[in-house]
Chemist: 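Let me begin by handing over the structure; questions about it come next.
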Amino acid sequence: MVRRTPSPLTYPFAITPTGTGFAGAGLQFPALATAKTRDQLLRHMQQQTAAYLVECQLDEQSPQPPLSRDEVDLGDYHEEGEDPEVVFVPPAPVSGVSVAIERALREEGVTYAALARRMGVPRSVVTRITNPFYFAHATRTLRAVARALGREMRVTFERPQASPERPESVRGSA
């Protein structure tokens with residue numbers, strides 16, 4: 001039986017020190033990052049992991065299941081005389097609002113530039129509000145997005161999905 005990395009999903013990266021800090025590479029999907037500190041590099045890799053999972057979601061594809069430590073192949077590194085550290089990185093938190101805007105753009109076939117024109121804002125505004133790591137969306141901006149896409153904006157507050165790692169909370173009788 002193949003042992004998989006437990007949830008939350010964590011994906012393997014190879015990290016090595018460099019002359020100016022650290023470098024990291026994804027071992028299951030294309031991802032490269034450099035940073036001055038190991039902590040900064042880990043944050044970059046968390047965002048790359050999240051971006052990979054968001055892209056899979058938007059493309060309606062199943063992400064690759066994470067490799068276990070035993071499944072990681074560092075043969076290419078060893079051939080180059082390198083011995084990188086393998087770290088398993090969870091995804092960074094993502095903004096469901098940004099992902100919903102990106103999904104709507106793809107469904108409507110609207111580019112960032114076209115949405116910016118329709119909203120009367122610089123393209124940089126659309127780039128910011130579709131960034132999955134941006135969490136400061138203004139209601140006024142969201143209404144403008146909906147209007148520009150000919151859509152209706154709805155807000156819901158869902159209960160989180162129960163999982164074996166995070167059981168549903170149970171209310172006591174009072």
Side-chain angles (χ1 to χ4, degrees), residues 1-113 115 123-124 126-137 158-169:
M1 181 174 174
V2 176
R3 182 177 59 86
R4 295 282 178 203
T5 306
S7 286
L9 295 177
T10 58
Y11 283 88
F13 283 78
I15 63 172
T16 58
T18 67
T20 58
F22 292 86
L27 296 174
Q28 280 195 259
F29 52 86
L32 294 172
T34 60
K36 290 184 180 181
T37 69
R38 189 175 187 281
D39 285 344
Q40 288 173 336
L41 181 66
L42 291 173
R43 282 192 295 278
H44 291 316
M45 291 185 300
Q46 286 179 319
Q47 288 187 340
Q48 289 181 338
T49 300
Y52 164 70
L53 294 171
V54 165
E55 199 60 39
C56 287
Q57 178 186 2
L58 290 168
D59 290 343
E60 297 181 357
Q61 296 178 352
S62 296
Q64 296 178 42
L67 295 174
S68 71
R69 190 165 296 282
D70 296 336
E71 296 172 301
V72 170
D73 178 10
L74 296 174
D76 291 344
Y77 288 92
H78 294 151
E79 286 176 15
E80 297 294 321
E82 297 178 21
D83 188 25
E85 176 187 0
V86 174
V87 294
F88 285 82
V89 180
V94 296
S95 166
V97 172
S98 295
V99 174
I101 295 168
E102 182 69 36
R103 181 178 292 111
L105 286 170
R106 290 181 184 199
E107 289 172 358
E108 297 295 330
V110 175
T111 66
Y112 287 14
L115 179 61
R123 188 180 185 282
S124 61
V126 176
T127 300
R128 183 178 63 245
I129 65 174
T130 56
N131 179 332
F133 310 111
Y134 178 72
F135 293 88
H137 300 83
E158 307 287 330
R159 286 196 171 91
Q161 295 287 328
S163 69
E165 294 81 29
R166 193 174 84 196
E168 291 184 46
S169 61

Chemist: Which pair of heavy atoms, one from L9 and one from P91, lies closest together, and at what distance?
Modeler: O-CD, 3.0 Å
Chemist: Of the non-hydrogen atoms in H44 and A33, which two are nearest, and what is the gap between them?
Modeler: CB-CB, 3.9 Å
Chemist: Can you tell me how far the CD atom of Q46 sits from the CZ atom of F13, to the nearest 0.5 Å?
Modeler: 9.5 Å
Chemist: Check for a donor-acceptor pair, side chain of Q48 on one end and backbone N or O of L32 on the other, with a separation under 3.5 Å.
Modeler: yes
Chemist: Can you measure from CG (L74) to CD (E80) and round to the nearest 0.5 angstrom?
Modeler: 13.0 Å
Chemist: Using a 3.5 Å distance criterion without hydrogens, assess whether the side chain of Q64 forms a donor-acceptor pair with backbone atoms of Q28.
Modeler: yes
Chemist: To the nearest 0.5 Å, tell me how far T127 OG1 sits from Y134 OH.
Modeler: 12.5 Å
Chemist: Has the side chain of S98 got a donor or acceptor atom that lies under 3.5 Å from a matching backbone atom of N131?
Modeler: yes
Chemist: Can you tell me how far apart CG (L58) and CZ (R106) are? Round to the nearest 0.5 Å.
Modeler: 4.5 Å
Chemist: Looking only at heavy atoms, which two atoms of V87 and L42 are closest? And how far apart?
Modeler: CG2-CD2, 4.0 Å
Chemist: So, for L115 and L105, which heavy atoms are closest and what is the spacing to 0.1 Å?
Modeler: CD2-CD2, 3.6 Å
Chemist: Please confirm whether the backbone N or O of K36 pairs with a side-chain atom of Q40, one donor and one acceptor, at under 3.5 Å?
Modeler: yes
Chemist: Any non-hydrogen side-chain atom of T34 less than 4.5 Å from a side-chain atom of T18?
Modeler: no
Chemist: To the nearest 0.5 Å, what is the distance between CG (L27) and CD (E71)?
Modeler: 12.0 Å
Chemist: For P12 versus F88, what's the shortest heavy-atom pair and its separation?
Modeler: CB-CE2, 3.7 Å
Chemist: Answer yes or no: is there a side-chain heavy-atom contact under 4.5 Å between I129 and V97?
Modeler: no
Chemist: Run the salt-bridge test on R38 and E85 with the 4.0 Å N-O cut-off and return the result as yes or no.
Modeler: yes
Chemist: So do the side chains of M45 and I15 get within less than 4.5 Å of each other, counting heavy atoms only?
Modeler: yes
Chemist: For Y52 and Y11, take the angle between the two ring planes, folded into 0 to 90°, and tell me which bin it lands in: parallel under 30, tilted 30 to 60, perpendicular over 60.
Modeler: perpendicular
Chemist: Could you tell me whether the side chain of F133 reaches within less than 4.5 Å of the side chain of V94, counting heavy atoms only?
Modeler: yes
Chemist: Do F29 and T49 come close enough that some side-chain heavy atom pair is under 4.5 Å?
Modeler: yes
Chemist: If you compare all heavy atoms of T130 against all heavy atoms of E102, which two are closest, and at what distance to 0.1 Å?
Modeler: CB-OE1, 3.7 Å
Chemist: So Q57 and L53, do their side chains get closer than 4.5 Å, heavy atoms only?
Modeler: no
Chemist: Donor-acceptor pair, distance only, cut-off 3.5 Å: does the side chain of S95 make one with the backbone of F135?
Modeler: no
Chemist: Once you round to the nearest 0.5 Å, how far does OG1 of T37 lie from CZ of F22?
Modeler: 7.5 Å
